[in-house]
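A short worksheet on the structure shown next.
Scope of the values below: all heavy atoms of this structure, side chains included, with no hydrogens, waters or symmetry mates.
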Amino acid sequence: MNRGDTRTLHGRPASDGIAIGTAVYFRSRELEALRFPVAVDAIDSEVERLRAAVQATRADLRRTHAKVAARVGADVAGIFEAHGLMLEDPLFLGRIEARVRSDRINAEWAVHETAEELGQQFAKIESEHLRGRGEDLRDVARYLQGALQGISHHEISEIAGDVVVIADELTPSDTLRLGRQNVAGLALEGGGTNSHTAIVARAFQIPLVTGLGPLGDLINDDDRVVVDGTAGIAVLHPSPDVLEEYRRKRRRQHADERAMVAAGALPATTKDGVSVTLLANLELPEELDDAVRFGADGIGLYRSEFLYIEKSPHLPTEEEHFLVYRRLVETMAPRPVVIRTLDLGGRKLAREVLDTREENSNLGLRGIRLTLCRPAIFRTQLRALLRASVYGDLRIMVPLLSGLDEALLFRAFYRDVLQELEAEGVRHYAAILVGAMIEVPSAALIAEHLALEFDFLAIGTNDL
């Protein structure tokens with residue numbers, strides 16, 4: 001097969017939509033790091049140079065965080081806060097500084113060696129999310145290298161027109177700087193469907209396919225390319241017939257979207273006259289505008305754990321919780337917003353975020369069991385929920401109840417938080433509707449008893 005022949009590659013669908021454009025091959029530029037010895041009497045100066053680069057990088061990340069928070073929202077901006085926190089991690093910076101002193105080498109080489117060492121350790125971890133932390137680590141190392149060499153890491157050119165970026169990898173910062181207005185689609189050689197890069201692409205509604213394998217020998221800049229983020233396909237050098245086929249698919253998608261928007265103004269009623277309430281499920285606050293645009297009657301489930309994952313390894317503050325919840329309920333008011341309390345277990349980073357040590361937390365500390373065992377963390381979330389409830393119809397959902405004892409413990413804890421806010425004179429709404437998720441067989445068997453303790457029940461069919 002010749003380089004210019006039509007070629008269809010199958011990867012992983014990471015962000016829906018179809019993009020047609022000219023290719024720009026973007027290979028993440030690893031700044032060259034050379035090793036050279038540092039004289040004993042110059043070691044302290046070299047360490048100070050490293051610390052100055054760290055401070056400059058922190059300041060740069062703070063500026064990026066502020067810009068992204070204003071444009072996209074706090075959840076996505078939290079990625080850059082996490083990068084800043086890595087610059088305070090003694091495991092990372094302590095090793096770099098120790099390497100400068102023990103090996104008597106320049107800071108650039110110490111950064112390079114430390115990032116390589118830790119990156120290899122991350123690569124061996126089974127958790128896809130934690131492997132993604134390895135990508136964040138390499139991103140931070142590049143920032144530091146740029147600061148040490150006097151180079152800003154904000155060097156991605158402004159790209160105009162219908163451009164599809166082909167890349168070996170893209171960091172979240174790369175993806176944000178490419179921008180929603182200028183990039184039609186993304187096709188990555190590696191990467192996962194749940195990486196920070198994929199989350200950013202979805203927030204910007206950029207079609208993305210990951211896991212395509214090496215592409216450098218298959219395509220040139222300015223070649224035509226199609227990205228089908230829904231099917232997980234990239235088509236290189238599409239023929240006129242293939243291009244027209246995807247244009248038709250894209251037109252159908254846009255027509256379907258317009259029809260859905262138009263239908264959002266109509267009552268949701270079956271042919272036999274039964275009215276149906278259609279609620280949206282959200283993971284990111286950035287999805288809120290689409291829920292409104294498509295005419296959702298409210299938010300049936302907002303999964304609050306994403307905020308914890310974004311802030312990992314640190315926990316979100318009460319104010320960070322409050323601002324997210326307030327935005328949701330104010331935007332949807334007077335329609336209801338159901339917010340599920342933290343369900344961070346199993347493969348959802350319970351071990352990393354909340355310091356649980358179970359081998360299989362799917363069968364142990366999850367949902368309400370986990371939060372009741374971490375009262376300080378749960379108190380922070382409940383306080384924020386109660387504070388935000390005055391701005392609209394906020395309802396609370398308790399996940400993964402397995403018995404009546406947990407329901408009674410939750411009720412007691414909830415009353416305690418209410419009394420605490422009342423004693424402090426903090427504005428809140430006491431009569432919130434509180435529901436329970438029926439997700440395990442034991443809860444299903446005692447549903448009639450749980451119904452006496454809660455205002456509503458919801459069935460979690462995927463777990464049940």
Side-chain angles (χ1 to χ4, degrees), residues 279-283 298-309 315-316 318 321-322 324-325 328-329 332 336-346 348-350 353-354 356 361-389 392-421 428-464:
L279 306 174
N281 282 8
L282 304 186
E283 289 185 315
I299 306 301
L301 181 65
Y302 171 69
R303 300 175 175 90
S304 65
E305 54 267 15
F306 188 86
L307 182 58
Y308 291 85
I309 293 171
L315 293 166
E318 181 180 326
H321 278 288
F322 169 73
V324 171
Y325 304 153
L328 290 172
V329 296
M332 296 305 299
V337 174
V338 179
I339 298 177
R340 186 176 68 188
T341 60
L342 174 61
D343 181 16
L344 200 62
K348 294 180 181 176
L349 294 187
V353 178
L354 300 185
T356 65
S361 52
N362 278 310
L363 301 177
L365 283 177
R366 265 197 68 186
I368 190 62
R369 293 192 294 277
L370 178 59
T371 45
L372 287 173
C373 288
R374 300 288 187 275
I377 295 169
F378 199 23
R379 186 179 301 275
T380 296
Q381 181 173 31
L382 285 180
R383 284 176 60 94
L385 286 166
L386 287 164
R387 287 173 55 200
S389 66
D393 186 1
L394 187 154
R395 304 175 185 185
I396 295 174
M397 179 87 77
V398 180
L400 224 76
L401 276 163
S402 61
L404 193 58
D405 56 338
E406 292 166 356
L408 297 174
L409 285 170
F410 166 77
R411 277 299 186 186
F413 189 81
Y414 183 74
R415 286 194 297 271
D416 183 53
V417 175
L418 271 175
Q419 292 168 3
E420 179 179 273
L421 290 174
H428 67 284
Y429 180 55
I432 298 178
L433 295 180
V434 179
M437 292 282 283
I438 306 298
E439 302 176 84
V440 297
S442 60
L445 291 171
I446 61 166
E448 60 182 317
H449 300 288
L450 292 175
L452 299 175
E453 299 297 328
F454 293 95
D455 300 301
F456 62 95
L457 302 178
I459 299 175
T461 53
N462 60 327
D463 283 315
L464 188 59

Restricting to non-hydrogen atoms, name the atom on E406 and the atom on L372 that form the minimum distance, rounded to 0.1 Å. O-CD1, 4.1 Å

Can a donor-acceptor pair be found, under 3.5 Å and without considering hydrogens, that links the side chain of S304 to the backbone of R340? yes

Judged by atom type as modelled, is there a donor-acceptor pair below 3.5 Å linking the side chain of T341 to the main-chain atoms of V398? no

Before giving the answer on side chain to side chain contact (heavy atoms under 4.5 Å, CB included), spell out for L450 and I438 the whole-Å C-alpha distance, their side-chain angles and the decisive distance to 0.1 Å. CA-CA 9 Å; L450 292 175; I438 306 298; 3.8 Å; yes

Y414 atom OH, neighbour heavy-atom count above 12 within 6.0 Å: yes

Sidechain-backbone polar pair: S389 side chain, Y429 backbone, donor-acceptor under 3.5 Å: yes

d(L282 CG, L301 CG) to nearest 0.5 Å is 8.5 Å

Exam field: side chain R411 to backbone E453, donor-acceptor pair closer than 3.5 Å: yes

Between atom OG of S402 and atom CD1 of I446, what is the distance when rounded to the nearest 0.5 Å? 7.5 Å

Minimum heavy-atom distance between A388 and V329, given as atom pair plus value: O-CG2, 3.5 Å

When R383, R387, R415 are each screened for salt bridge (charged side-chain N to carboxylate O under 4.0 Å, His left out) with E420, the one that passes is R383

Which atom names give the shortest non-hydrogen contact between H321 and P316, and what distance separates them? NE2-CG, 3.4 Å

Which pair of non-hydrogen atoms, one from N281 and one from R303, has the smallest distance, and what is that distance? ND2-NH2, 3.7 Å

Measuring from I396:CD1 to L386:CG, what's the distance to the nearest 0.5 Å? 5.5 Å

CD1 (I377) and CG (L382) are apart, to the nearest 0.5 Å, by 12.0 Å

Testing the basics here: between L457 and A447, what is the closest heavy-atom pair and its distance to 0.1 Å? CD1-O, 3.9 Å

Closest heavy-atom pair, I368 versus L400, reported as atoms and distance to 0.1 Å, is CG2-O, 3.8 Å

Flag, side chain of D455 to backbone of V434, donor-acceptor distance under 3.5 Å: yes

Kindly compute the distance separating OH (Y325) from CG (L328), expressed to the nearest 0.5 Å. 9.0 Å

Take Y302 and M397 through the side chain to side chain contact (heavy atoms under 4.5 Å, CB included) test and state the conclusion after the steps. CA-CA 9 Å; Y302 171 69; M397 179 87 77; over 6 Å; no

Between NE2 on residue H449 and CZ on residue F454, distance to nearest 0.5 Å: 14.0 Å

